[in-house]
S.K.: 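Here's a structure for you.
Convention: sequence-line order gives letters A, B, ...; per-chain numbering from 1.
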Amino acid sequence: MSGKGSKGVADDPGPEPTLGPSCPVHADTSTRMDPFEDTLRRLREAFATGCTRPAEFRAAQLRGLSRFLQDNKQLLQDALAQDLSKSAFEADMSELVICQNEVDLALRNLQAWMKDEPAATNMITKLDSAFIRKEPFGLVLIIAPWNYPVNLTLVPLVGALAAGNCVVLKPSEISKGTEKVLAEVLPQYLDQSCFAVVLGGPQETGQLLEHKFDYILFTGSPRVGRIVMTAATKYLTPVTLELGGKNPCYVDDNCDPQTVANRVAWFRYFNAGQTCVAPDYILCSPETQERLLPALQSAITRFYGDDPQSSPNLGRIINQKHFQRLQALLGCGRVAIGGQSDESERYIAPTVLVDVQETEPVMQEEIFGPILPIMNVRSLDEAIDFITRREKPLALYAFSNSRQVVDQMLNRTSSGNFGGNEGFIYMLLPSLPLGGVGNSGMGRYHGKFSFDTFSHHRACLLSHPGLEKLNDLRYPPYTDRSQQLLRWAVGSWTCTLL
Amino acid sequence: MDPFEDTLRRLREAFATGRTQPAKFRATQLRGLSRFLQDNKQLLLDALAQDLRKSDFESEVSEIAISQAEVTLALKNLRAWMKNERVPKNLATQLDSAFIRKEPFGLVLIIAPWNYPLNLTLVPLVGALAAGNCVVLKPSEISNSVEKVLAEVLPRYLDQSCFAVVLGGPQETGQLLEHKFDYIFFTGSPRVGRIVMTAAAKHLTPVTLELGGKNPCYIDDNCDPQTVANRVAWFRYFNAGQTCVAPDYILCSPETQERLLPALQSAITRFYGDDPQSSPNLGRIINQKHFQRLQALLGCGRIAIGGQSDESERYIAPTVLVDVQATELVMQEEIFGPILPILNVQSLDEAIDFITQREKPLALYAFSNSSQVVKRVLARTSSGGFCGNDGFMHMTLTSLPFGGVGASGMGRYHGKFSFDTFSHHRACLLRSPRMEKVNDLRYPPHTPRNLRVLLVAMEARCCSCTLL
């Protein structure tokens, strides 16, 4: 999600830029320079016909997405294994099932979400009908990353489709196995007049961003997030940016080390650490560090065995570039646990670093790998200072037996999300919004939040065409009395519940 | 060289102390705002009269009362809005505490325009303060009387460690925008909106942009011309047309145009007398630049009503233009003045086509005795807001979000929407530090059985999400 080039820097060798088979091939040389023009125009024209508006159409798209997931479960698991050595368990739990749940939720609630929301009226609008209408924006662009290439592509897609938009999907070219399935198989399950997959690397994405979209949802690094937002400015396109940061994990002296170690380790090494909401570094006292280290070793051994490299439950690093980046980080501080790496497999052992300085590279960028540095602090206050001096992270974790300590950490910091005595399990709860703040992003989605994100909320008032005499009060010329009455009418609110 | 550095640092330091977090502090600020409005009512009426020749009536109704109502609403609901919002849980999180916490962003910048210089400064301010932010206010230098009151009088009513007014023109605003803010709220033109968003992108600052556009006003053949004329005229000429949500142009058939013109003349005479220039109820154009801009538009099409202007007063008569081409200047930019062009269409479909070929406006109006027609216009177009059979009354309802779409803006506010706009909604999950055995299911090495149980626990069905 963040860190240098986690989305793919210019020097990242990408595949030959092509369009997915769902897009028309252009023989016309004048459009060879812009491979997206026709596709985008086609989708806009489709949107203008209004075909995506009825609930039946949207439900059909969502059911198509559902069948895609069910029909191609093995194919997708294989692709995820190919891209990230993701175990079937991780693929199910963090990708396929999450997507399926989101589709099911949207299908179940579609009519309710689409309904006009009545709004309270005041004295002067008492006889009118006031409501908020949810409308699709039009043409939506979703740019997805490589670390959860199914989840972070399809969950936004659910929201965009449910909200009635036409969608252009730009999956990551770095997770090539999944990209292929999304480009070649997924479109067969959707109405291709309203949906397209476009492929390419940073250059093609730059070209794509020169076009007008009505909404852009981007998941990736803050660096590229800025580029996307700047491009969006040209057309005043609203954006949701799901970015990243270094997610602090405060571990209090008052805790059970093994419980904490289990929870932190699981969330840190899940997907070989390539998770935007993973705990990035630990803050704790030296005493707690001493208790934690053996507990972390114990957890790692329990999860991955004595030889983690041979465990089927540990993923691999996505590509050489990131592997080398992470390998360099192993030189920071001192290796307390793990530290092994194997370039031929892009394997990095579940690692814990200690004696780390704030100025070292491992504390300067989002780690996005199975390396967990521990920084020492003397007190909760020092930990909070450390955290608040830095950019607001996407996630923040606090472990303590004391609810007071957890609350203090919650109240005195800010972050996209917060977990007390737990990692990012909240990702499984669609009733919680997922989104960043500050450098970690803007906007949010999941569940109904996705639908709302991809909808324009249009304020509507339907007045009576008659009863004009009632309006006499508001027209000039004014008397003191009419002024008084109108002022009172404007000021009297009937809604206290908002 | 940087006049804002110290001020911004001071405000950030104040925010870091946590001073603005407690409800008590925020309520005090809001009550301060309330007293500001009450104590200085005459001063504000005079300033608005000086800047825009706004009548007391217009000032009361569209500036002071609206601002006061927003403060009152915020005070009444502050604690409710601030509360953590519990959310439905699934089996996997049944024993946890799951909620959304509303947090201030930090340092908020509000850039306000000149046309409703009190309303469009204070109503956002209410939301920003209620949400617990420190605020920098940049009122418009163009409405310089109100600017003076906001700069010199308003701060006395607020905690100045957490609030500042900064002054200046485009150059100073550009300098201001180079700094990092945690939220930027801008009301103004799309052109400057782009500049603000570009500056915000550098710091990944979220923005709300309340912009503008040409707000179409469709008038069906099936209507009572006088009723429609009254309503359209009032909303068009209010504040001498300088309203972002005013009906900008009419679309109707030639037959309806014929019925409308005398009705519009009748409404104008009723509202402003035979000599509108001497009516106390008609405002003036804000400055020379805009006056000259509008004067030039009087040359478009053919004047059917009004058309007079007086440079010494920056007066433009309530005007209706006909025989206007879509290519003429008056149809190329947001008018923002008391000039109402009428364009002819042959049918509802043609009107809708005309509308949908253009940028999405901030407001859209449809007048018809037939609710079917009104609903069709609503269903086949998009806009920030919509009103059937009336003008921008929807703005007076704090239960409706106010904001644009497409070129007319992004984000929304008013009422609770303001509070939500200026808050970060932080998803929180608090779990017990005990009961670790329950987690055994999720840890590797995995078994198919464990996975099955976990998947059931994850199922969204347990959430009563229809209530969301």
S.K.: Tell me, for A/Ile300 versus chain B, whether the close heavy atoms (under 4.5 Å) come from the side chain, the backbone, both or neither.
M.R.: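 For A/Ile300, there is no contact with chain B at all, as no heavy atom is under 4.5 Å.
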S.K.: Is it the backbone or the side chain of B/Lys360 that comes under 4.5 Å from a heavy atom of chain A, or both, or neither?
M.R.: side chain
S.K.: For the interface with chain A, which of B/Asn450, B/Thr205, B/Val374, B/Asp182 has the highest count of heavy-atom pairs at distances below 4.5 Å?
M.R.: B/Thr205
S.K.: Contact part of A/Asp252 toward chain B, heavy-atom cut-off under 4.5 Å: side chain, backbone, both or neither?
M.R.: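 Contact with chain B: none, neither part.
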S.K.: Among B/Phe402, B/Phe57, B/Tyr183, which residue has the highest count of heavy-atom pairs closer than 4.5 Å to chain A?
M.R.: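 Heavy-atom pair counts peak at B/Phe57.
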S.K.: Who wins among A/Val97, A/Ile425, A/Asn262 for the most heavy-atom pairs under 4.5 Å with chain B?
M.R.: A/Asn262
S.K.: Side chain, backbone, both or neither: which part of B/Glu359 has an atom under 4.5 Å from a heavy atom of chain A?
M.R.: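 The side chain, not the backbone.
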S.K.: Need one label for B/Asp440: side chain, backbone, both or neither, based on atoms under 4.5 Å from any heavy atom in chain A.
M.R.: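 Answer is both: backbone and side chain atoms of B/Asp440 are under 4.5 Å from chain A.
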S.K.: Looking at B/Ala199, B/Cys223, B/Gly106, B/Pro206, which one has more heavy-atom pairs under 4.5 Å with chain A than the rest?
M.R.: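 Of the candidates given, the most pairs with chain A belong to B/Pro206.
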S.K.: Heavy-atom cut-off 4.5 Å, strictly under: side chain, backbone, both or neither for B/Phe367 against chain A?
M.R.: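 For B/Phe367, neither part sits under 4.5 Å from chain A.
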S.K.: Without hydrogens or angle criteria, can the side chains of B/Asp353 and B/Gln357 be said to hold a donor-acceptor pair below 3.5 Å?
M.R.: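 Distance-only check fails for B/Asp353 and B/Gln357.
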S.K.: So if I apply the ring pair (Phe, Tyr, Trp, His ring centres under 6.0 Å) rule between B/Phe392 and each of B/Tyr365, B/Phe235, B/Trp234, which one comes out positive?
M.R.: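 Output: one option passes, namely B/Phe235.
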S.K.: Considering only heavy atoms and a distance below 4.5 Å, find which of B/Ala363, B/Ala92, B/Ala379 pairs most often with chain A.
M.R.: B/Ala379
S.K.: Less than 4.5 Å apart, side chain to side chain, heavy atoms only: is that true for B/Leu430 and A/Asp407?
M.R.: yes
S.K.: Tell me, side chain or backbone of B/Ser432 under 4.5 Å from chain A's heavy atoms, or both, or neither?
M.R.: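 Only the backbone of B/Ser432 comes within 4.5 Å of chain A.
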S.K.: If you count heavy-atom pairs within less than 4.5 Å of chain B, which of A/Arg302, A/Lys392, A/Arg263 leads?
M.R.: A/Arg263
S.K.: Please examine the side chains of B/Ser62 and B/Phe238, heavy atoms only from C-beta on, and report whether any two atoms are closer than 4.5 Å.
M.R.: yes
S.K.: Check whether any side-chain N or O of B/Asn389 sits under 3.5 Å from a backbone N or O of A/Leu462 as a donor-acceptor pair, and report yes or no.
M.R.: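 Checked: no pair found.
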S.K.: Which atoms of B/Ser368 are under 4.5 Å from chain A, going by heavy atoms: the side chain, the backbone, both sets, or neither?
M.R.: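 For B/Ser368, backbone heavy atoms alone lie under 4.5 Å from chain A.
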S.K.: Should we say atom CZ of A/Arg389 is surrounded by more than 12 heavy atoms from elsewhere, each under 6.0 Å from it?
M.R.: yes
S.K.: Do side-chain atoms of A/Glu102 reach the backbone of A/Gly447 as a donor and acceptor pair under 3.5 angstrom?
M.R.: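 Answer holds: yes.
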S.K.: Below 4.5 Å, heavy atoms only, C-beta onward: do A/Leu461 and B/Asp390 meet side chain to side chain?
M.R.: no
S.K.: Taking atom types as modelled, is there a side-chain donor on A/Ser400 or A/Asn254 under 3.5 Å from an acceptor on the other?
M.R.: no
S.K.: Would B/Leu451 and B/His446 count as a side chain to side chain contact (heavy atoms under 4.5 Å, CB included) here? Give the steps.
M.R.: CA-CA 7 Å; B/Leu451 178 60; B/His446 302 298; over 6 Å; no
S.K.: Going by heavy atoms in the side chains, are B/Arg431 and B/Asn439 under 4.5 Å from each other?
M.R.: yes
S.K.: Can you confirm whether A/Met427 sits close enough to A/Asn417 that some side-chain heavy atom of one is under 4.5 Å from a side-chain heavy atom of the other?
M.R.: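 No, every pair of side-chain atoms sits at 4.5 Å or beyond.
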S.K.: Side chain, backbone, both or neither: which part of B/Arg101 has an atom under 4.5 Å from a heavy atom of chain A?
M.R.: side chain
S.K.: Take atom NZ in B/Lys375; do more than 12 heavy atoms of anything else shown fall under 6.0 Å from it?
M.R.: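 Open: at most 12 neighbouring heavy atoms sit under 6.0 Å from NZ of B/Lys375.
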S.K.: As an exercise: rank A/Val406, A/Asn411, A/Val239, A/Thr230 by heavy-atom pairs under 4.5 Å with chain B and give me the winner.
M.R.: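 Most pairs with chain B among the choices: A/Asn411.
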S.K.: Tell me yes or no: between the side chains of B/Thr93 and B/Asn90, is some donor less than 3.5 Å from an acceptor?
M.R.: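 B/Asn90 and B/Thr93 do have a side-chain donor-acceptor pair below 3.5 Å.
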S.K.: Please identify, among A/Ile98, A/Asn401, A/Leu434, the residue contributing the most non-hydrogen atom pairs under 4.5 Å to chain B.
M.R.: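 Answer, by heavy-atom pair count under 4.5 Å with chain B: A/Asn401.
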S.K.: So if I apply the ring pair (Phe, Tyr, Trp, His ring centres under 6.0 Å) rule between B/Tyr443 and each of A/Tyr304, A/Tyr269, A/Phe303, which one comes out positive?
M.R.: A/Phe303
S.K.: Heavy-atom cut-off 4.5 Å, strictly under: side chain, backbone, both or neither for A/Leu314 against chain B?
M.R.: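 No part of it gets close to chain B.
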S.K.: Checking A/Glu391 against chain B: side chain, backbone, both or neither under 4.5 Å from a heavy atom?
M.R.: side chain
S.K.: Look at A/Ala130, A/Ala119, A/Pro312, A/Ser415 and state which one has the largest set of heavy-atom pairs under 4.5 Å with chain B.
M.R.: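 Ranked by contacts with chain B, first place is A/Ser415.
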S.K.: Starting from the C-alpha separation in whole Å, work towards a yes-or-no answer on side chain to side chain contact (heavy atoms under 4.5 Å, CB included) for B/Val245 and B/Met395.
M.R.: CA-CA 9 Å; B/Val245 282; B/Met395 296 237 350; 3.6 Å; yes
S.K.: Do B/Arg452 and B/Leu455 touch side chain to side chain, with heavy atoms closer than 4.5 Å?
M.R.: no
S.K.: So, A/Arg226 versus A/Asn439: side-chain donor-acceptor pair below 3.5 Å or not?
M.R.: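 Present: a donor and an acceptor within the cut-off.
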S.K.: Is B/Ser370 close to chain A through its backbone or its side chain, or both, or neither, when contacts mean heavy atoms under 4.5 Å?
M.R.: neither
S.K.: Could you tell me which portion of B/Ala200 (side chain, backbone, both or neither) has an atom closer than 4.5 angstrom to a non-hydrogen atom of chain A?
M.R.: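 The answer is both parts of B/Ala200.
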S.K.: Tell me, side chain or backbone of B/Ala16 under 4.5 Å from chain A's heavy atoms, or both, or neither?
M.R.: neither
S.K.: Where do B/Val405 and A/Arg458 land on the side chain to side chain contact (heavy atoms under 4.5 Å, CB included) test, with the steps shown first?
M.R.: CA-CA 9 Å; B/Val405 65; A/Arg458 189 181 192 187; over 6 Å; no
S.K.: What part of B/Asp224 is in contact with chain A, defined as an atom under 4.5 angstrom from a non-hydrogen atom: side chain, backbone, both or neither?
M.R.: neither
S.K.: Less than 4.5 Å to any heavy atom of chain B: does that hold for the side chain of A/Thr413, its backbone, both, or neither?
M.R.: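 It is both, since atoms from each part get that close.
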S.K.: Tell me, side chain or backbone of A/His457 under 4.5 Å from chain B's heavy atoms, or both, or neither?
M.R.: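 Both backbone and side chain.
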S.K.: Heavy atoms only, distances under 4.5 angstrom: which of B/Gln21, B/Arg434, B/Lys180, B/Glu58 has the most pairs with chain A? Name it, please.
M.R.: B/Arg434
S.K.: Give, as side chain, backbone, both or neither, the part of A/Ala232 having an atom under 4.5 angstrom from any heavy atom of chain B.
M.R.: both
S.K.: Hey, which of B/His394, B/Arg442, B/Arg380 has the most heavy atom pairs under 4.5 Å with chain A?
M.R.: B/Arg442
S.K.: If I measure from the heavy atoms of chain B, does A/Met229 come under 4.5 Å with its side chain, its backbone, both, or neither?
M.R.: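 Answer is both: backbone and side chain atoms of A/Met229 are under 4.5 Å from chain B.
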S.K.: Side chain, backbone, both or neither: which part of B/Thr381 has an atom under 4.5 Å from a heavy atom of chain A?
M.R.: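 For B/Thr381, the contact with chain A is made by backbone and side chain together.
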S.K.: Which region of B/Pro190, side chain (C-beta onward) or backbone (N, CA, C, O), has a non-hydrogen atom less than 4.5 Å from a non-hydrogen atom of chain A, or is it both or neither?
M.R.: both
S.K.: With chain B as the partner, which of A/Phe418, A/Tyr475, A/Tyr235, A/Phe137 has the greatest number of non-hydrogen pairs under 4.5 Å?
M.R.: A/Tyr475
S.K.: Examine whether an atom of B/Met410 lies under 4.5 Å from a heavy atom of chain A, and if so say whether it belongs to the side chain, the backbone or both; otherwise answer neither.
M.R.: side chain
